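A short worksheet on the structure shown next.
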Amino acid sequence: RVAQALRSRGLEVLESDVDSSLVPRLAEAEGAVVFPVLHGEAGEDGALREVLALLGVPFVGSIGSACRVAFDKSIATTVVADAGLVTPTQVALPHEIFRELGAQALVAALGDQIGFPMMVKPSRGGSALGCSKVPSPAELPAAMVGAYAYGPVAVVESFVEGTEVTVAVVARGHGPAALPAVEIRPDSGVYDYTARYTAGTTRFLCPAELPADVARRCADVALRV
């Protein structure tokens with residue numbers, strides 16, 4: 001879709017995977033500008049953008065250091081909270097700490113600190129893999145194990161219920177601007193892996209069906225983040 005949109009504007013587009021042929025192709029494509037759409041850790045943690053910067057190839061989107069902060073949920077939540085925005089109560093637990101201290105002691109402490117229901121998710125990663133809503137203490141150990149299957153650090157957060165929206169921010173040379181909020185409505189009520197990647201199981205409404213003042217606040221929060 002990105003390639004099609006760029007071609008519709010009269011641009012020459014070369015699509016490429018990120019493999020051993022990429023660097024030679026960039027060297028041959030004089031004046032190329034990269035539009036990264038690689039999904040997953042290598043595409044979202046800033047590593048690819050650091051390489052492009054190293055090669056002196058201009059690219060669209062955030063710089064590598066910003067991606068590193070945003071990609072790790074334990075870091076991103078702390079940065080956003082330090083900027084004065086309201087975030088879920090969160091605890092980050094490396095697997096080694098969880099294993100050494102024992103699930104029983106930590107379950108009680110997390111219940112007192114965060115309360116139920118809570119969300120457990122890998123600190124790094126996406127597509128809702130390893131994410132679980134935990135309604136009671138008995139289900140917390142299994143949820144932690146599920147999160148650790150996708151990374152060495154899990155975050156435990158207070159569960160937030162409400163309308164789910166995503167707000168993109170774009171800069172076109174005159175400072176950042178928020179695009180209209182997109183409302184996410186999964187048929188199952190949970191925006192999990194199945195809801196994300198099974199056609200027809202989630203509705204996306206743009207603009208979101210929100211009161212005008214709420215939409216403005218969503219845009220303001222996105223810009224502040």
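Fair warning: this is a prediction, and the values are worked out from it, not measured in the lab.
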Write down the atom of Arg196, the atom of Ala128, and the distance for their closest heavy-atom approach. NE-CB, 3.5 Å

Measure from the side-chain N and O atoms of Glu183 to the backbone N and O of Glu209, and report whether any donor-acceptor pair falls under 3.5 Å. yes

Donor-acceptor pair, Arg124 side chain versus Glu41 backbone, under 3.5 Å? no

Calculate, to the nearest 0.5 Å, the distance between atoms CZ and CD1 belonging to Arg68 and Ile63 respectively. 8.5 Å

Can you check whether Ile184 reaches Phe204 side chain to side chain, under 4.5 Å on heavy atoms? yes

Which heavy atom of Glu50 sits nearest to which heavy atom of Ser65, and what is that distance? OE2-N, 4.0 Å

Please name the pair of heavy atoms, one in Gly200 and one in Asp187, separated by the smallest distance, quoted to 0.1 Å. O-OD2, 3.4 Å

Are Leu38 and Phe59 connected in a single hydrophobic cluster, I mean Ile/Leu/Val/Met/Phe/Trp/Tyr linked by side-chain heavy atoms less than 4.5 Å apart? yes

Taking Leu210 as the starting point, is it possible to reach Leu205 by hopping between hydrophobic residues whose side chains are less than 4.5 Å apart? no

Looking at side-chain heavy atoms only, is the closest gap between Pro122 and Leu129 below 4.5 Å? no

Between Glu15 and Arg7, is there a salt bridge with N-O shorter than 4.0 Å? yes

Look at the side chain of Lys73 and the backbone N and O of Gly125, then say whether any donor-acceptor pair between them is shorter than 3.5 Å. yes

Just say parallel, tilted or perpendicular for the rings of Tyr148 and Phe98, cut-offs at 30° and 60°. tilted

Heavy-atom side-chain proximity of Met118 to Leu140 below 4.5 angstrom: yes

Between CG of Leu26 and OG of Ser21, what distance do you get to the nearest 0.5 Å? 9.0 Å

So which heavy atom on Arg49 is nearest to which on Gly43, and how close? NE-O, 4.1 Å

Here the gap from Leu110 atom CG to Phe116 atom CZ, rounded to the nearest 0.5 Å, amounts to 7.5 Å

Taking atom types as modelled, find out whether Ser123 and Asp72 have a side-chain donor-acceptor pair closer than 3.5 angstrom. yes

Tell me whether Thr202 contacts the main-chain N or O of Ala195 through its side chain, where contact means a donor paired with an acceptor under 3.5 Å. yes

One pair to check against side-chain hydrogen bond (donor to acceptor under 3.5 Å, both in side chains): Thr77 and Thr87. What are the steps and the verdict? CA-CA 7 Å; Thr77 301; Thr87 61; over 6 Å; no

Could you tell me whether the side chain of Pro117 reaches within less than 4.5 Å of the side chain of Ser136, counting heavy atoms only? no

Give a yes or no answer on whether the side chain of Thr78 reaches the backbone of Ser74 with a donor-acceptor pair at less than 3.5 Å. yes

Just how far is it from atom CG of Asp19 to atom CZ of Arg25, taken to the nearest 0.5 Å? 8.0 Å

Where do Tyr197 and Ser127 land on the side-chain hydrogen bond (donor to acceptor under 3.5 Å, both in side chains) test, with the steps shown first? CA-CA 9 Å; Tyr197 298 112; Ser127 299; 2.7 Å; yes

